[in-house]
Amino acid sequence: MANFAKPGGPRFSVDVYQNEYLPEGGREVNAIVTVTAKGGGTPAGPAAPAAVVLMVDCSGSMDHPPTKMRNARDATAAAVDTLRDGTHFGIVDGTHVAREVYPGGGRLAVADPTTRAQAKQALRRLGAGGGTAIGTWLRLADRLLAGADVSIRHGILLTDGRNEHESAAELKDALDACAGRFTCDARGVGTDWEVKEVTGIASALLGTADIVADPARLTEDFTRIMESTMGKEVADVALRVWTPVGTRIKFMKQVAPTVAELTDRRTEAGPRAGDYPTGSWGDESRDYHLCVEVPAAGLGQEMLAARVSLVAAQPDREVQNLGAQGLVRAVWTDDMAASTSLNSQVAHYTGQAELAQAIREGLDLRKAGDMDGATAKLGRAVQLAGVSGNADTAKLLAKVVDVVDAPTGTVRLKAKVAEADEMTLETRSTKTVRVKK
């Protein structure tokens with residue numbers, strides 16, 4: 001383990017959990033890399049300069065029922081109240097076009113008692129009408145955030161419907177343009193939005209996604225998001241992975257607190273090294289699964305399969321090495337007990353990734369009318385949730401299937417499933433529980 005303390009910020013550490021022993025001819029090395037940041041700012045304490053843009057869906061559907069729009073206004077006002085003094089912020093009205101609600105003029109306000117009061121006054125004028133083109137909201141947020149001289153740039157996006165007034169390609173282009181420029185949490189309110197759209201936005205922009213089925217709970221959710229944002233200390237942190245000649249990285253994924261694929265997001269960082277983005281960090285810990293293919297070697301030989309370190313791009317865009325690093329090793333042995341033993345961390349998170357995939361595939365098969373396939377996949381999900389101790393996911397699955405026998409994954413699909421329950425399961429399918437170390 002190695003750690004590094006950023007002056008005035010959190011101390012980063014890297015821990016590697018693996019079974020380094022391979023049988024003769026073995027080539028695949030798996031490791032769980034735990035990254036922890038401690039001692040950073042809190043919502044009430046020192047933190048990095050930040051800018052936040054809140055994007056509020058104001059399309060016509062937000063008026064059905066009218067309480068939904070009122071709940072959105074109240075939630076956004078609560079988020080504004082949670083802003084730390086000195087934070088740059090703005091509010092965007094999102095329909096088939098994007099419009100600045102506050103402060104206007106292509107700029108952001110700086111949070112203090114006066115600007116918070118002005119923002120909440122402006123929110124009272126928000127009404128519902130028009131379509132939905134989320135890409136335009138994101139592009140406006142990007143322009144506003146780019147004008148702030150801060151290190152943390154963040155968006156919060158709320159929608160209640162499908163992105164019907166621009167093409168999927170237009171949304172993807174907007175996400176590609178915004179990726180790496182700011183992080184964004186996305187929320188779907190009610191049950192008329194598309195799960196894959198909302199989770200796709202959050203994934204592309206390294207944020208969180210969730211459902212708020214009951215609009216009355218928006219205030220609680222927005223407050224929690226803003227508190228988390230105000231605790232961020234270091235932006236644009238990346239896992240830098242160096243591997244020796246002859247090796248190949250098979251995959252890199254985040255596995256806690258959620259499953260997120262990072263393999264295809266690698267950017268080259270010099271000879272034999274690449275960076276995998278992880279977004280902004282406060283006082284928190286996350287786990288990553290790294291799989292490396294190494295050259296075959298003889299018994300008794302050993303090698304460094306990978307070196308994992310942390311870097312951060314500072315406001316001037318220079319890359320800062322955060323110092324913390326971990327080593328992934330490979331040792332070839334004829335001890336069968338050693339080489340066939342699966343590290344408990346690797347086993348746990350392999351199961352968690354399979355759990356997320358089984359839920360997604362099962363729900364897709366159910367929607368397609370393949371009830372036998374859906375039953376098999378969701379039964380496997382119930383089995384995996386039980387083995388890993390993922391009680392929250394097990395409870396969500398129990399709202400979609402009747403569990404006959406959890407250990408064997410024997411289930412029956414429920415004849416009627418509330419849309420909110422199915423969407424909640426799909427949206428939260430990537431949430432994991434951590435293995436006890």
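Note that these values count all heavy atoms, side chains included, but never hydrogens, waters or copies made by symmetry.
In summary, Asp364 and Lys196 engage in a salt bridge, as defined by a charged side-chain N under 4.0 Å from a carboxylate O. With respect to the salt-bridge test (charged N to carboxylate O, under 4.0 angstrom), the residues Glu284 and Lys232 qualify. Looking at Arg116 and Asp81, no side-chain N of the basic residue comes within less than 4.0 Å of a carboxylate O on the acidic one, giving no salt bridge. Between Arg224 and Glu227 there is no salt bridge, since no side-chain nitrogen of the basic residue lies less than 4.0 Å from a carboxylate oxygen of the acidic one. Checked for salt-bridge contact, Arg162 and Glu197 miss the test: no charged N lies under 4.0 Å from a carboxylate O.
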**Asked** Checking side-chain contact (heavy atoms from CB on, under 4.5 Å) for the pair Leu378/Val400: CA distance, chi angles, key distance, verdict?
**Response** CA-CA 9 Å; Leu378 294 174; Val400 177; 4.1 Å; yes
**Asked** After noting the C-alpha distance and the side-chain angles of Ser59 and Asp160, does the key distance pass the side-chain contact (heavy atoms from CB on, under 4.5 Å) rule?
**Response** CA-CA 8 Å; Ser59 61; Asp160 82 322; 3.6 Å; yes
**Message:** Does Arg434 form a side-chain contact (heavy atoms from CB on, under 4.5 Å) with Tyr349? I'd like the steps, not just the answer.
**Reply:** CA-CA 8 Å; Arg434 303 190 80 171; Tyr349 285 122; 3.5 Å; yes
**Test log, rule side-chain contact (heavy atoms from CB on, under 4.5 Å), inputs Tyr102 and Thr115** = CA-CA 9 Å; Tyr102 182 83; Thr115 56; 3.5 Å; yes
**Verdict with reasoning, Asp176 to Lys172, per salt bridge (charged side-chain N to carboxylate O under 4.0 Å, His left out)** = CA-CA 6 Å; Asp176 289 344; Lys172 184 180 184 303; 2.8 Å; yes
**Asked** Checking side-chain hydrogen bond (donor to acceptor under 3.5 Å, both in side chains) for the pair Thr208/Asp185: CA distance, chi angles, key distance, verdict?
**Response** CA-CA 5 Å; Thr208 64; Asp185 294 315; 2.7 Å; yes
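Residue-environment remark: NZ (Lys68) exceeds the threshold of 12 foreign heavy atoms within 6.0 Å. Within a 6.0 Å sphere centred on OH of Tyr21, other residues, nucleotides and ligands contribute 12 heavy atoms or fewer. Annotation for Arg272: atom CZ counts as buried by contact number, over 12 foreign heavy atoms lying within 6.0 Å.
How far CZ of Arg428 is from CG of Asn390: 12.0 Å, rounded to the nearest 0.5 Å. A distance of 7.5 Å separates OG1 in Thr159 from CD1 in Ile201, rounded to the nearest 0.5 Å. In this structure, Thr95 OG1 and Met62 CE are separated by 12.0 Å, a value rounded to the nearest 0.5 Å. Atom CG of Leu363 and atom CD of Glu422 lie 5.5 Å apart (nearest 0.5 Å). Rounded to the nearest 0.5 angstrom, Leu425 CG and Asp421 CG are separated by 9.0 Å. Note that CD1 of Ile359 and CD of Gln357 are 11.0 Å apart. Values are rounded to the nearest 0.5 Å.
Annotation: side chain of Val52 is in contact with side chain of Met226 (closest heavy-atom distance under 4.5 Å). Residues Thr427 and Asp210 are in side-chain contact: their nearest non-hydrogen atoms beyond the backbone lie under 4.5 Å apart. Contact annotation: the side chain of Glu261 never approaches that of Ser203 to less than 4.5 Å [non-hydrogen atoms, C-beta and beyond]. Contact annotation: the side chain of Val433 approaches that of Gln352 to within less than 4.5 Å [non-hydrogen atoms, C-beta and beyond]. Using a 4.5 Å cut-off on side-chain heavy atoms (C-beta onward), Leu108 and Phe89 make no contact. The shortest side-chain heavy-atom distance between Met303 and Pro295 falls under the 4.5 Å cut-off. Glu28 places a side-chain heavy atom less than 4.5 Å from the side chain of Asn30. Residues Glu166 and Thr136 meet the side-chain proximity criterion, which asks for heavy atoms closer than 4.5 Å.
In this structure, the side chain of Thr278 engages the main chain of Val237 through a donor-acceptor pair within 3.5 Å. Between the side chain of His96 and the main chain of Gly131, a donor-acceptor pair closer than 3.5 Å is present. Under the 3.5 Å distance criterion, the side-chain polar atoms of Glu170 are matched with a main-chain donor or acceptor of Ser167. Checked by atom type and distance alone, the side chain of Glu233 never pairs as donor or acceptor with a backbone atom of Pro10 at under 3.5 Å. Proximity of a side-chain donor or acceptor of Thr263 to a complementary backbone N or O of Met252 within less than 3.5 Å is detected. A donor-acceptor contact shorter than 3.5 Å links the side chain of Gln18 to the backbone of Arg329. Within the 3.5 Å criterion, the main-chain N or O of Ala204 finds a donor-acceptor partner in the side chain of Arg265. Between the side chain of Arg27 and the backbone N or O of Val294 there is at least one donor-acceptor pair closer than 3.5 Å. Judged purely by atom type and a 3.5 angstrom limit, His165 has no side-chain atom pairing as donor or acceptor with the backbone of Ala133. Proximity of a side-chain donor or acceptor of Arg307 to a complementary backbone N or O of Thr243 within less than 3.5 Å is not detected.
Residues Leu175 and Gly200 approach most closely at CD1-O, 4.4 Å, considering heavy atoms. A pairwise comparison of heavy atoms in Ala356 and Ser429 identifies CB-O, 3.3 Å as the closest pair. Shortest non-hydrogen contact noted between Thr36 and Ser285 is OG1-OG, 3.0 Å. In this structure, Gln254 and Ala256 approach most closely via the heavy-atom pair CG-O, 3.6 Å. A pairwise comparison of heavy atoms in Ala324 and Val14 identifies CB-CG2, 3.8 Å as the closest pair. Taking all atoms of both residues into account, the shortest heavy-atom contact from Ala37 to Phe12 is CB-CE2, 3.8 Å.
For the residue pair Thr333 / Asp335, no side-chain donor-acceptor distance below 3.5 Å is found, with atom types taken as modelled. No side-chain N or O of Thr219 forms a donor-acceptor pair with one of Asp74 less than 3.5 Å apart. Side-chain atoms of Thr34 and Asp15 form no donor-acceptor pair, as typed in the model, at a separation below 3.5 Å. A donor and an acceptor atom, one from each side chain of Thr258 and Thr430, are nowhere located under 3.5 Å apart. For Asn19 and Ser341, the side-chain atoms include no donor-acceptor pair closer than 3.5 Å.
For His289 and Phe251, the ring centers are positioned less than 6.0 Å apart. The six-membered or imidazole ring of Tyr288 lies away from that of Tyr276, with a centre-to-centre distance of 6.0 Å or more.
Between Glu426 and the options Lys399, Lys367, Arg360, Lys431, a salt bridge (Lys or Arg N to Asp or Glu O under 4.0 Å) holds for only Lys367. Under the side-chain contact (heavy atoms from CB on, under 4.5 Å) rule, Cys184 has a single partner from Met55, Arg153, His154, which is Met55.
With Trp193 as the aromatic partner, Arg187 does not meet the cation-pi criteria of under 6.0 angstrom to the ring centre and within 45 degrees of the ring axis.
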